[in-house]
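Below is one structure, written out as structure tokens; the observations come after it.
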Amino acid sequence: MKRFVFFWLLPIIAVALSSCDNDDDQLDPKLIKGTWEMAADDDSEYTAIYTFETAKGLNNYGTVEVMIIPENSSVTEGMITRRYDWHASGPQNNGGILDITLTPADAAADDSFSYEIYVITRLTSSKMDWKGSEPSDIKGKSVKFIRRSDK
């Protein structure tokens with residue numbers, strides 16, 4: 001009888017354990033806020049730091065400053081190269097996909113760069129991965145980040 005109960009409970013336990021939430025599988029836009037460093041290859045001549053701020057009361061919209069630090073410089077010598085407005089859509093209302101749109105905050109009307117859209121393929125408290133979606137010159141481009149701070 002004990003074996004029967006064990007074999008009856010085994011599938012229930014397996015389903016219960018497999019349905020537990022895994023933080024690595026959550027695509028929560030709240031995790032975007034903070035400072036992220038672009039994980040570059042060994043040949044990179046610079047470090048790119050992205051600092052995401054959110055608009056008051058929102059978790060999926062705000063501004064991002066991108067600072068490029070040359071290889072032989074300190075953070076204090078780096079310069080902000082561009083400021084963007086960002087907006088994250090999904091995953092709950094976007095077919096399970098979380099994407100992020102970057103639009104230059106300081107773009108002139110005749111600026112050729114109007115927006116970039118990336119699909120966020122991984123978003124945890126320490127890592128974020130993007131895959132380029134639009135426009136065509138970034139389509140398929142992978143961008144990986146590691147968190148520097150939550151501030």
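This structure is a prediction, so every number in the text was calculated from the model and none was measured.
- Paired with Pro104 under the rule side chain to side chain contact (heavy atoms under 4.5 Å, CB included), one option of Arg83, Glu116, Arg82 passes, and it is Arg82.
- Phe52 has its side chain within reach of Ile100: a pair of non-hydrogen atoms, C-beta onward, lies under 4.5 Å apart.
- Side-chain N or O atoms of Asn60 include one that pairs as donor or acceptor with a backbone N or O of Ala88 at under 3.5 Å.
- The side chain to side chain contact (heavy atoms under 4.5 Å, CB included) test applied to Asp129 returns Thr121, Arg122, Lys144, not counting sequence neighbours.
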Subject >> Steps toward side-chain contact (heavy atoms from CB on, under 4.5 Å) verdict (Tyr84, Thr103) >> reply: CA-CA 5 Å; Tyr84 301 93; Thr103 308; over 6 Å; no
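- Using a 4.5 Å heavy-atom cutoff, the side chains of Ile32 and Leu123 are in contact.
- Annotation: the span from Thr63 atom OG1 to Asp85 atom CG amounts to 7.0 Å, rounded to 0.5 Å.
- Shown here are the side chain to side chain donor-acceptor pair (under 3.5 Å) partners of Lys139, two or more places apart in sequence or in another chain: there are none.
- Under the rule for a side chain to side chain contact (heavy atoms under 4.5 Å, CB included), the partners of Ser126 that lie at least two apart in sequence or sit in another chain are Thr124.
- By the side chain to side chain contact (heavy atoms under 4.5 Å, CB included) test, Glu37 is found to be paired with Thr47, Ile49, Ile146, Arg148, residues two or more places apart in sequence or in another chain being considered.
- Residues forming a salt bridge (charged side-chain N to carboxylate O under 4.0 Å, His left out) with Glu134 (at least two apart in sequence, or on another chain): none.
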**OP:** Show the numbers, then the answer: is there a side-chain contact (heavy atoms from CB on, under 4.5 Å) between Leu102 and Val64?
**Re:** CA-CA 9 Å; Leu102 301 178; Val64 59; 4.1 Å; yes
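- Of all non-hydrogen atoms in Lys33 and Glu53, the two that sit nearest each other are CE-OE1, 4.0 Å.
- Remark: Phe145 engages Tyr50, Trp130 in a ring pair (Phe, Tyr, Trp, His ring centres under 6.0 Å) (not counting sequence neighbours).
- Using a 4.5 Å cut-off between side-chain heavy atoms of Ile, Leu, Val, Met, Phe, Trp and Tyr, Leu58 falls into a hydrophobic cluster with Tyr61.
- Once rounded to the nearest 0.5 Å, the distance linking CG of Leu31 with NZ of Lys127 reads 14.5 Å.
- Across every non-hydrogen atom of Tyr115 and Pro135, the tightest pair is O-CD, 3.5 Å.
- For the atom pair OG of Ser133 and CD1 of Ile97, the computed distance is 8.5 Å after rounding to the nearest 0.5 Å.
- With values rounded to the nearest 0.5 angstrom, Thr81 atom OG1 is found 10.0 Å from Glu65 atom CD.
- With sequence neighbours excluded, the residues that form a side chain to side chain donor-acceptor pair (under 3.5 Å) with Ser142 are Lys131.
- Although no hydrogens or angles enter the test, the distance criterion places no donor-acceptor pair under 3.5 Å between the side chain of Thr101 and the main chain of Trp86.
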